[in-house]
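All residue numbers in this chain count up from 1 along the given sequence. In this text the structure is predicted, and so the values were computed from the model without any measurement. Hydrogens, waters and symmetry mates play no part in the numbers below; they use all other heavy atoms, side chains included.
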Amino acid sequence: METDDRLLISVVLGSGWPPNRTYKWTDTRKLMDYGVENFTNTTISLGDNILTQLSIEHGQSDVCAISAPDSVTLLLNETEAVSITTDIPDTLSAPVSKGDAIGSVTLSIGGEVYRTYPVTAEATVNEINYAWCLEQLIQVFFF
């Protein structure tokens, strides 16, 4: 059964064996009605409270931009409790490579983990080294 914003599929096994072949259609209709009446598409924002960048210790840059998940749309019942937990450090330690997983956002529904989404670095930040320090000194004193 398809509505404007959702597609419901029913599989009914062992229903309507002869001589009651019409039972499977009655059972399917009841399931579809239940789904339409009790479930709606719900958009859950995952990255609202996540900073867009983190500070870096011992890095050639002071901060690193991070990428967090935006939102997810799920078919939920209004009684299902949704919770979002984040596991992201306050600071990062260099080196950090673009795409490195630096944390996570966990979406739980009804107290059970539905999915964990990665939070990744959007840039590479190398560790401070002697060559970088020398380059910085040359730029300050000669340019």
Approximate separation, where rounding is to 0.5 Å, of [X] [atom1] and [Y] [atom2]:
| X | Y | atom1 | atom2 | value |
| --- | --- | --- | --- | --- |
| Thr52 | Ile66 | OG1 | CD1 | 7.0 Å |
| Asp33 | Thr28 | CG | OG1 | 10.5 Å |
| Ile84 | Ser108 | CD1 | OG | 9.5 Å |
| Leu137 | Trp132 | CG | CH2 | 9.5 Å |
| Ser61 | Asn126 | OG | CG | 10.5 Å |
| Leu13 | Lys24 | CG | NZ | 11.5 Å |

Over 12 foreign heavy atoms within 6.0 Å of [atom1], [X]:
| X | atom1 | value |
| --- | --- | --- |
| Arg29 | CZ | no |
| Glu78 | CD | no |
| Trp25 | CH2 | no |

Restricting to non-hydrogen atoms, name the atom on [X] and the atom on [Y] that form the minimum distance, rounded to 0.1 Å.
| X | Y | value |
| --- | --- | --- |
| Ile44 | Leu76 | CD1-CD1, 3.9 Å |
| His58 | Ser93 | CD2-OG, 4.4 Å |
| Leu92 | Pro89 | CD2-CG, 3.8 Å |
| Ala123 | Cys64 | O-SG, 3.6 Å |
| Ser97 | Ala121 | O-CB, 3.6 Å |
| Thr91 | Glu57 | OG1-OE2, 3.6 Å |

Same cluster for [X] and [Y] if Ile/Leu/Val/Met/Phe/Trp/Tyr side chains link at under 4.5 Å?
| X | Y | answer |
| --- | --- | --- |
| Leu134 | Phe141 | yes |
| Ile128 | Val96 | no |
| Tyr34 | Met32 | yes |
| Tyr114 | Phe39 | no |

Can you check whether [X] reaches [Y] side chain to side chain, under 4.5 Å on heavy atoms?
| X | Y | result |
| --- | --- | --- |
| Val113 | Thr116 | yes |
| Tyr117 | Leu46 | yes |
| Leu8 | Leu75 | yes |
| Val105 | Leu107 | no |
| Ile109 | Leu74 | yes |
| Asp87 | Thr106 | no |

- Message: Between Ser45 and Ser71, do the side chains contain a donor N or O and an acceptor N or O under 3.5 Å apart?
- Response: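 There is no such pair (donor and acceptor under 3.5 Å, judged by atom type) between the side chains of Ser71 and Ser45.
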
Just by modelled atom types, is the [Y] backbone N or O under 3.5 Å from a matching donor or acceptor in the [X] side chain?
| X | Y | result |
| --- | --- | --- |
| Asp100 | Ile102 | no |
| Asn41 | Asp5 | yes |
| Glu127 | Gly59 | no |

